[in-house]
Amino acid sequence: MLLGRRQLFIYWNVTESDLPAAVAALRQWQSGLISQHPALRCGLYRRSSSERAEATMMESYAIESEQPHPGIGEALLLQIDQSGSALLKHWLRGARHVEVFDTLTA
C-alpha cells in the first residue's frame with residue numbers, strides 16, 4: 001500500500017495531568033474519522049526528549065491507497081484541523097500547529 005502525497009502533522013502541548021484524558025479523547029475521535037474515511041491512517045506520538053512540565057504531542061494523517069493518491073484534500077484537512085482543535089480546546093497549552101507536507105517523488 002502507498003501513502004498519499006499530501007500528509008498532515010499536527011503539534012500541540014498538554015500538561016502531564018491532562019495528558020491521559022486528551023489522548024483518550026483524541027484516539028476516540030481518530031477512530032470516528034477512520035469510520036468516515038476508511039483509507040485514512042492516523043497516528044499519535046509524544047516527543048520523547050521533552051523535559052518540560054508539558055508533553056509535546058504530534059498527530060499524523062495520511063491516505064493509504066493501492067494506487068498513487070494526492071493525499072489529504074482541503075475538505076478533510078479543514079475537518080481534521082477544526083474538529084481536532086475544538087475537541088482538544090480544554091486541554092491545549094498554546095496553539096495546535098498544522099503542518100502540511102508533500103512526499104517527494106523520484
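These figures come from a predicted structure and were not determined experimentally.
- Looking only at side-chain heavy atoms (C-beta outward), R96 and L88 come within less than 4.5 Å of each other.
- More than 12 heavy atoms of other residues, nucleotides or ligands shown are found within 6.0 angstrom of CD on Q36.
- Side-chain contact between P68 and L2: present, with at least one pair of heavy atoms (C-beta onward) separated by less than 4.5 Å.
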Please determine whether side-chain hydrogen bond (donor to acceptor under 3.5 Å, both in side chains) holds for the pair Y61 and Q30, giving the CA-CA distance in whole Å, both sets of side-chain angles, and the decisive distance to 0.1 Å. CA-CA 10 Å; Y61 300 92; Q30 285 180 328; 3.1 Å; yes
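- A salt bridge links E74 with R6: the distance from a Lys NZ or Arg NE/NH1/NH2 to an Asp or Glu carboxylate oxygen falls below 4.0 Å.
- Rounding to the nearest 0.5 angstrom, the gap separating the CZ atom in R5 from the CG atom in L104 is 10.0 Å.
- A salt bridge links E16 with R46; the closest basic N to acidic carboxylate O contact falls under 4.0 Å.
- The cluster map of Ile, Leu, Val, Met, Phe, Trp and Tyr, joined by side-chain heavy atoms under 4.5 Å apart, puts L77 and L44 in the same cluster.
- Between M57 and L19, the closest side-chain pair of non-hydrogen atoms falls below 4.5 Å.
- Counting all heavy atoms, side chain and backbone alike, V14 lies closest to W91 at CG2-O, 3.6 Å.
- For the pair H69 (side chain) and G71 (backbone), a donor-acceptor distance under 3.5 Å is present.
- Once rounded to the nearest 0.5 Å, the distance linking CG of D18 with CG of L92 reads 10.0 Å.
- Using a 4.5 Å heavy-atom threshold, the side chains of I63 and L3 count as separate.
- In the hydrophobic clustering of this structure, W29 groups with W12; members are Ile, Leu, Val, Met, Phe, Trp, Tyr whose side-chain heavy atoms approach within less than 4.5 Å, directly or through other members.
- Looking at R93, its side chain never comes within 3.5 Å of a backbone N or O of T15 through a donor-acceptor pair.
- Y45 contributes atom OH, which lies 10.5 Å from atom OH of Y11 (distance to the nearest 0.5 angstrom).
- To the nearest 0.5 angstrom, F9 atom CZ is 6.0 Å from M58 atom CE.
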Before you tell me yes or no, could you show the steps for I10 and H97 under side chain to side chain contact (heavy atoms under 4.5 Å, CB included), namely the whole-Å CA-CA distance, both residues' side-chain angles and the distance that decides it to 0.1 Å? CA-CA 5 Å; I10 305 173; H97 304 280; 5.9 Å; no
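- Hydrophobic clustering (side-chain heavy atoms under 4.5 Å, transitive across Ile, Leu, Val, Met, Phe, Trp, Tyr) groups V98 together with L33.
- I80 and F101 are assigned to two separate hydrophobic clusters, defined by single-linkage of ILVMFWY side chains at heavy-atom distances under 4.5 Å.
- By the criterion of side-chain heavy atoms lying less than 4.5 angstrom apart, applied directly or through intervening Ile, Leu, Val, Met, Phe, Trp or Tyr residues, I34 is not grouped with L76; the two fall into different hydrophobic clusters.
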